[in-house]
Every structure is written in C-alpha cells, then in structure tokens.
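Quick caveat: nothing in here was measured; it's all calculated off a predicted structure.
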Amino acid sequence: MKSEATILILQDRSIGLESLHDDLRRVQLFTFFTYAANRKELRAYLKRRKPDAVLFVQRYFEMTFDNVLHEVRNSGISIPVIPILPSGQEIEGMEFVRRGAQDYLLETELQRLAPTIYLALRDRKVGHKSEHYNANRNGEASNDLIAFEPAMPRKPNQPTESLIDNLIDIVTVLDMVGNITYESPSVTAQLGYSQEELIGRSAFSLVHPLDIARVMPVFMLAVASPGTPHSARFRFKHKNGTWRTLESVGKAVAEKDTGRRIVVISRDITNEANHGRLDSRVTIGNSEAQFMAVVEGLGEGLLITDTADKILYANKQMGELTGYDVAEMLGKFSYKLFLPEEAWQIYMLQKEKWLLGNREEYEISIARKDKTPICTHVTISPYRSTDGHIIGTLAAFIDITNRKHAEEEVQRTFKHLRAAKERAEDMNRLKTSFLQNISHEIRTPMNSILGFASLLNESLEESPSPAIRKFAEYASTIETSGKRLLETINGIIDLSGVESNTVTLTPHMLSLEHEVLRIVRIIDPQIREKGLEINIESLKHVTAYADSHYLGRVLLNLIGNAVKFTKKGMVQILIDQEDSKDAHSPEFATIKIVDTGIGISEEFLPHIFEEFHQESNGLAREYEGTGVGLRISKRLLELMGGSIAVESKRGVGSCFTITLPMNSIPIPIEEYSMA
C-alpha cells in the first residue's frame, strides 16, 4: 500500500527537509518535495500544478504568511498551509493558526513534521483529483489521499470476532481520544471487569498515574502513524484495586464506516520473570502505590505536562478543583483548557523560565469547566526524566478564592475605616480650629469687661454714699463671674491645643519644690478662706526636666482641685524620686497630691481623665468646673515625658501622682508648712 503527496516548500535555501523522507515513509506517506524561492515562482507553480500541502519557512522566504495564504487561496485550491517558525515564536504560530494555518512548527521540533503533515492531509477533504493518486489492491484509482487497511470487523457471529472471543490476551478498541469502544471477553478473567463496565470509559483513567507520562506519547504517536504498531509496558488497575502490569501492542486502523480506531492487544505479565527475576516495575509497585496514595490525598491539585504543555497526569484534587474528570484533561493543552486566550502570550513567556529549570510561584485565575473563574496559588517546577533532562513541568494548584475574597473585603473595610478616620480627623481639626477661634473672640472682650469691672468696683467702694457702695457688690460679682468664664475659655484653648498637638514646649531643669511653692502661693487665698492646712514635704532637692509654664498649669489644676473638693482637713504634697532598678532605665521624679476631700466613686474612676466628664452633672451640681482640667493635665504630662495616676475612695479622699523625667542632687531634708 502506498500513499503519495506533493509538498510545496517555500524557502530561498535548503534546510535539509529531504532528510525527513524516512520519517514520512514510517507513517506510510511517500512525499515528493518541490520548492519555490520567491513570489514569482510560487505563482508560476500554482498555475501549473496543485500541491497537497504547503510548508512556509518564514525565516527564508520573502513573503508574509498572510500573503502566502492569499496566493494559495487565489489559486482556487483548498490545501493545508503549515508555517515553520524560528524557536520561541509559539505565540506568532498560534496567531497564524487563528488566521488560517493548518498547524505550525518550530525549527527546533522538525521531528514533528511527519505526523503534522500526516494529520493535515488526513483532515483535509480532497476537493480535486490528486496528481499523485493512490492505487487500491485491484489497481483502481482512489479519490482518498491516504488509504488504510480495514480494521478488524466487530459484527457479531463473524469468524474474526469469534476468534477474539476465544483469545487469552485482551483486545481493546479505542477511539481517537482514548475512550474504550470495544473490549474482548477475556478482560473479565484478566482484570475482573465486565465488558459493559469498560465500554465508554477512558482507558487513561485506569492507567497508573506514574505511567501516564510514558503511555500518552506512545498513544499519540500511534494516532499520527496509522498502520505502524507501537508497544508500551504500563500498570493498569484491576477491579479489586491492585495494579497489574500489561504489555500492549497497538496501531491505528481505519474502517470505511466508523473512521479511525486504535486496536490494542494486551497481555498481563505481572507474574512473569524477566531474565530470571520479576519485572522491576512489579518490585517497586507497592512503594509507588503508597506514594500515589499520598499524592492523591494531598489538598493540592497536581498537573504534570510535557514540554508542549500537554497534560500527562492530573490527580483527583485537580479534577475537583476545576470540575473536569481526570480523563477529560489528559492530552489537552493546559493553557487552552484553563486560561483565556488573551493570557496565552504571557503564559508562553513564563514557560521559558520553567523549561530552563526555574521554580516559579504565581497567583493566577483559571476557569473551571463551567467557565466560572477561581483564584489559585500555583507552584510550577521543571519535571525531569530519570537521566535529569527536563521533559515537562509539575504544577501544584491551591484554591485561594475564599482567601482572596476575604482579603478584598478586608481591603474594602480598611478603606472605609481609613476614610472614616480621615473624616473624623478633619472634623476634629475643624472643631479645634473653631474652639480656638471662638475662645479668642470671647477672651478679648472678656478682658475688657474684667478690667472695667475691677475699676468700677474700686471706684464704688470709695464712694461716701452707702447706696452707691452697694453697687460695688454687683461689680465684684461681675468680676468674679468673668474670671470664672475666662478660666473656662482658657481651659478650652488649652484642650484644643494639646489635642491638635500644637503646644510648643520649652523644657529645662526645674526645682520641683520651687514650682510647687509658686503655685501654692497663687491659691493661698482660697486655702486660707477654707481654713485648710497644706503641707509640702521633700526628702531630697528634686529636679525634673519639664516646661515651667505648663507644669504650673498642671499643678494649679491638681492642687486647686484638692483645695476645692476638701471641706475640712488638709492637703499634703510629697516630692520624691523613684530610683531605677535598671541602670539603663531613666529615673523619675514624683509629686503626690493627697487630700481628705470627697473622693471619687469606683464607678467614675475609669472616666476621670476624659474630657467634659464630671461625677456631678446638671444644674444641681455642687462644684463648678468644665471637666477638662484633668484631661489637659494628662496630655501635658505625656508631652513632657511624664504620666499621671489616681487613687481614690469615696468619702475618704484622693491621691494624684504625677511623674516627670528628672536629675536629682541629694541635700538635707526640707519641709514647708503653711497653715
């Protein structure tokens, strides 16, 4: 049987394609090569003859692919055009296929030329009588470009099928994608399955996963080389779950009605000796089975592909992840199966890294069988043969869709919170600016009111008329109320300053005894008016690093509160230092302000340093104040590197302790007492 074809090669020099004659003969294809070196020769040839296929060598021909395709189509014939491209131009090759090429080849993979031409001619429906036609056994001309011997008939009761039924070996017929269309009765005795259990099932789904990478190329070679037998040895799953080693021989045949099929004859050689010992594959079978049990039990989806990216193995987790049956994935291009077309070019660029031996990790979106996208984290490593050569890639996929959705939700929430925080900060700045502006606006006329009230009070008190001197009390009330209002305004300004971090400190070394005495003298009139006793005790001359003005504000507030909330008894101020146990830790000065006043309830104590909080509220409250003094004191101390703490018991009294960074000079004990 001979099959002849004319191949027109478009190139301006020889690249040795004639050496492929032997490869083409192995697929029962006898070719005649002819050449065209430029556009003129191409047009002249197409006018005289009609080739069966065109090979367009892009590197060595002056025309573009589109122009070549245009010339061929204008000649009035429909024949396959196959471009041959330089290495690394897979993306351009796929684009040519989209634009009308039958297939494409790279200059580094010309070993695929024979099966590529064969498949191109097989798929072509001949629309004209070939100049090189086939001859059938009777010498009659045939319109089929390639003729095959008829396959083994499968009609019941015919002698051939009767012979098959009595064979000990297993006879299997596969379609072009590996699905079982016929199984001989001997399969039951050999592998435990009934014929009905296997027909319609993918044969690859029962091949040992570690052997698929070896069996798949043999199957594809058999498809591409009809009539030529090919053999393979592999493990096949018995119905009882064990692995049996089969030795199989198969070849592609054609039937007039049903098209091409792969006929495979298999024999179970699991228990046969190989040169006096069992097949090494059987010997290591149990350990590999244990290994595969681990692989199949992984939470990751695994893919093994060859260098052309065809899937040779997929575990069940990959099937669950993508929605495909494992058998559906085998032999398919992974990038075409899982990626959108616009991502193919990027994929091909990354593929070069894997095939150079690099291990890469990515987050990538792939499509399930139902076209829904899922986010995956994929680790891709080179897959090597036993001799160390890279023969493909191993990819491990983890579904991170839920994690990505959670991260996106966290990001959205974070953006909302950040926007809310920024809005709150803007509102706080506006509030601070408003308080500062309005406070200054009120304080300016208030100073005038206080000044004139004081002058009026002095003038009225000097009047000889008792009636007029009575109005001096009104002026005094105006002055007292104005001072209280001014104190409130100053407190608001101080609060807005510390909250907006606009306070400017000028710290230096201070004597705490002198600072305390200075403040005590300021409030001495209130102390004497209430008849209280105040004691100041210092065990050492203690200095601290602080701002005199703002420390005075803190002490005035705390000592003033102690006097205000103490009806009888005493106020005691203790100045000391805390020696550090760690030589590298700073020392702190402490000032304790202890009173025997009304104290603070346990419930209110956690809120004592919050602004505008007072234990007694409303119009009936006994003590005056805005509730911002302690908040201001706490913030000022923190700005100076210090702190404040409080201990109190309702009805017993309170103790406020402030700390400041200090330097101390030991001197004799001093004591100041004021009654």
Side-chain angles (χ1 to χ4, degrees), residues 90-91 94-95 98 202 204-205 209 212 291-383 392-428:
E90 293 93 338
I91 301 300
M94 289 189 289
E95 179 61 28
R98 281 194 289 269
S202 171
F204 295 111
S205 66
I212 288 179
F291 171 75
M292 286 311 302
V294 173
V295 170
E296 291 294 332
L298 290 175
E300 301 177 0
L302 297 181
L303 279 185
I304 297 176
T305 61
D306 63 13
T307 54
D309 205 54
K310 286 185 179 179
I311 299 173
L312 304 178
Y313 167 72
N315 66 350
K316 66 179 182 181
Q317 284 78 13
M318 193 65 190
E320 294 171 358
L321 181 68
T322 62
Y324 289 95
D325 290 335
V326 172
E328 290 182 277
M329 292 185 277
L330 299 179
K332 304 288 178 59
F333 290 100
S334 69
Y335 67 93
K336 290 185 178 180
L337 197 62
F338 301 126
L339 299 180
E341 188 172 336
E342 57 269 20
W344 293 358
Q345 183 172 3
I346 298 176
Y347 177 87
M348 286 299 181
L349 293 175
Q350 295 298 326
K351 180 181 174 183
E352 295 179 4
K353 298 180 181 179
W354 315 327
L355 296 181
L356 288 174
N358 297 327
R359 180 178 180 272
E360 302 286 336
E361 292 188 33
Y362 306 94
E363 287 187 3
I364 188 171
S365 177
I366 65 174
R368 287 175 53 85
K369 185 177 181 179
D370 59 8
K371 304 305 180 184
T372 58
I374 55 174
C375 296
T376 63
H377 179 277
V378 57
T379 303
I380 302 180
S381 306
Y383 180 59
T393 58
L394 171 64
F397 292 80
I398 300 175
D399 186 355
I400 59 170
T401 305
N402 292 336
R403 191 189 80 188
K404 295 296 289 184
H405 289 167
E407 289 176 354
E408 292 169 0
E409 185 62 31
V410 168
Q411 287 296 324
R412 284 192 294 269
T413 303
F414 176 74
K415 288 181 180 179
H416 292 325
L417 290 175
R418 184 168 59 184
K421 178 178 177 291
E422 291 173 353
R423 286 195 299 270
E425 289 174 346
D426 288 340
M427 293 302 296
N428 189 52

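Residues T379 and F397 have side chains not in contact (no heavy-atom distance under 4.5 Å, counting atoms from C-beta outward). Residues T322 and K369 are not in side-chain contact: their nearest non-hydrogen atoms beyond the backbone lie 4.5 Å or more apart. For the pair Q317 and E300, the minimum side-chain heavy-atom distance is 4.5 Å or more. At least one side-chain heavy atom of I366 sits less than 4.5 Å from a side-chain heavy atom of I374.
Remark: the backbone N or O of K332 is not paired with any side-chain donor or acceptor of K336 at under 3.5 angstrom. Using a distance-only test at 3.5 Å, with no hydrogens or angles considered, a donor-acceptor pair links the side chain of T376 to the main chain of I364. At least one donor-acceptor pair under 3.5 Å links the side chain of N315 to the backbone N or O of L302. Under a 3.5 Å cut-off, the side chain of D325 and the backbone N or O of E328 do not form any donor-acceptor pair.
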Quick one, I304 with I311, criterion side chain to side chain contact (heavy atoms under 4.5 Å, CB included). Give me CA distance, side-chain angles, the key distance, then yes/no.
CA-CA 6 Å; I304 297 176; I311 299 173; over 6 Å; no
After noting the C-alpha distance and the side-chain angles of T305 and F333, does the key distance pass the side chain to side chain contact (heavy atoms under 4.5 Å, CB included) rule?
CA-CA 8 Å; T305 61; F333 290 100; over 6 Å; no
Hey, mind stepping through L303 and F338 against side chain to side chain contact (heavy atoms under 4.5 Å, CB included) and telling me if it holds?
CA-CA 12 Å; L303 279 185; F338 301 126; 3.7 Å; yes
Give the C-alpha distance, both sets of side-chain angles, the deciding distance and a yes or no for salt bridge (charged side-chain N to carboxylate O under 4.0 Å, His left out) between E320 and K316.
CA-CA 6 Å; E320 294 171 358; K316 66 179 182 181; 5.6 Å; no
Audit row: R98, E341, side chain to side chain contact (heavy atoms under 4.5 Å, CB included) steps and yes/no
CA-CA 11 Å; R98 281 194 289 269; E341 188 172 336; 2.7 Å; yes
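The nearest pair of heavy atoms linking A314 to M329 is CB-CE, 3.6 Å. Closest approach of C375 and T401 over heavy atoms only: N-OG1, 2.9 Å. Heavy atoms only, all atoms of each residue included: S202 and S205 are closest at O-OG, 2.6 Å. Heavy atoms only, all atoms of each residue included: R368 and L321 are closest at NH1-O, 2.6 Å.
Atom-to-atom distance recorded for T393:OG1 and R359:CZ is 13.5 Å, nearest 0.5 angstrom. To the nearest 0.5 Å, the span separating CD on E360 from OG on S381 amounts to 9.5 Å. A distance of 11.0 Å separates CD of E422 from CG of L417, quoted to the nearest 0.5 Å. Here E342 contributes atom CD and Y347 contributes atom OH; the two are 15.5 Å apart, rounded to the nearest 0.5 Å. Note: H416 NE2 to R423 CZ = 9.5 Å, rounded to the nearest 0.5 Å.
A salt bridge is absent between K404 and E408; no separation between the charged side-chain nitrogens and carboxylate oxygens falls under 4.0 Å.
Heavy atoms from other residues, nucleotides or ligands lying under 6.0 Å from CD of E363 number more than 12.
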